[in-house]
Amino acid sequence: MRLTLRTTEREVAAAAAERVAEVLAADAAAVLGLPTGRTPMRLYRLLARLGDEGALDFGRATTFNLDEFLGIGPDHPGSYHAYMRQHLFAHVNLPSARAHLLRGDAADPERECERYETDIEAAGGIDLQLLGIGANGHIGFNEPGPCLCARTHRAMLRPSTRRANALFFGGNAEAVPQEALSMGMGTILKARRIVLMATGKSKARAVARIVSGPLTTRLPASFLQLHRHVELICDRAAAALISDE
Ligand code: PGA
């Protein structure tokens, strides 16, 4: 696992934007896996700016988002569809037919999860998976627990995760859906390259445990240690508890 330390959140976003630019420069038709949440907002702002300046071209790219809340449609303001439109898709030349998200309002959620796996495979797999991390060590909506799912699946959200997402539901954690659809650990680990961004002190414990801790379903991100091409980009606050041993 490669560790890239930066001082500020802004620098973390800039480093992640460089990785996206590298991947698209190597293959304009690359497939990107995308996260939501607070962490990637700066990254998306930078990507939009690079797109405006003509330094980045999403015209042949394909994207797959990690997850979506269950029970709400793409037009719901709290949906990750809405988040992606607001923060990235409205600002770059990515063809909408190649911007994939799980449908939270699918009539048959299990079939929707299967469809997503099939679509990712049909696109040739994910070249670069970008990730944020929950303070509890989740990636996507793969929450800590006695077991983890390999494939895209229906997931129950932890109360702490619902609180962390209240921002997208008018500040009301109770309004955050209790379930979501999420890529599984296997879906994520099949990506050819993974970049995890972590910023702020609330992530410091999870980050330290990924770097030095054992593999455990109690910290889903610890499974990233099994991947050959993972980079962890942290700001100073998120890296504060990594020991030098
Ligand atoms: P955050 O969420 O970027 O809003 O902290 C990260 C995550 O839960 O994956």
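Bear in mind that the values here come from a model prediction, so they are computed numbers and not experimental data. The first residue in the sequence is number 1, and the count goes up from there. Both ligands and their constituent atoms are indexed starting at 1 by order of listing.
Heavy-atom minimum distance, Phe169 versus Ala175: CD2-O, 3.5 Å.
Here CZ of Arg193 is found 10.0 Å from CG of Asp127. Values are rounded to the nearest 0.5 Å. From Thr152, atom OG1 reaches atom CD of Glu112 across 9.5 Å, with rounding to the nearest 0.5 Å.
Using a 4.0 Å cut-off to heavy atoms of Arg38, the atoms of ligand 1 that qualify are 1 (P), 3 (O), 4 (O).
With a 6.0 Å radius and a threshold of 12 heavy atoms from other residues, nucleotides or ligands, Arg236 has its CZ atom at or below the threshold.
For atom 3 (O) of ligand 1, the nearest non-hydrogen atom of the protein is Thr39 OG1, 2.4 Å.
With a 4.0 Å cut-off on non-hydrogen atoms, Ile133 touches ligand 1 through its backbone and not its side chain.
Residue Thr36 has no N or O atom closer than 3.5 Å to an N or O atom of ligand 1.
Ring-centre distance between Phe58 and His91: not below the 6.0 Å cut-off.
With Lys203, His138, Met197, Glu143 as candidates, the residue nearest to atom 8 (O) of ligand 1 on a non-hydrogen basis is His138.
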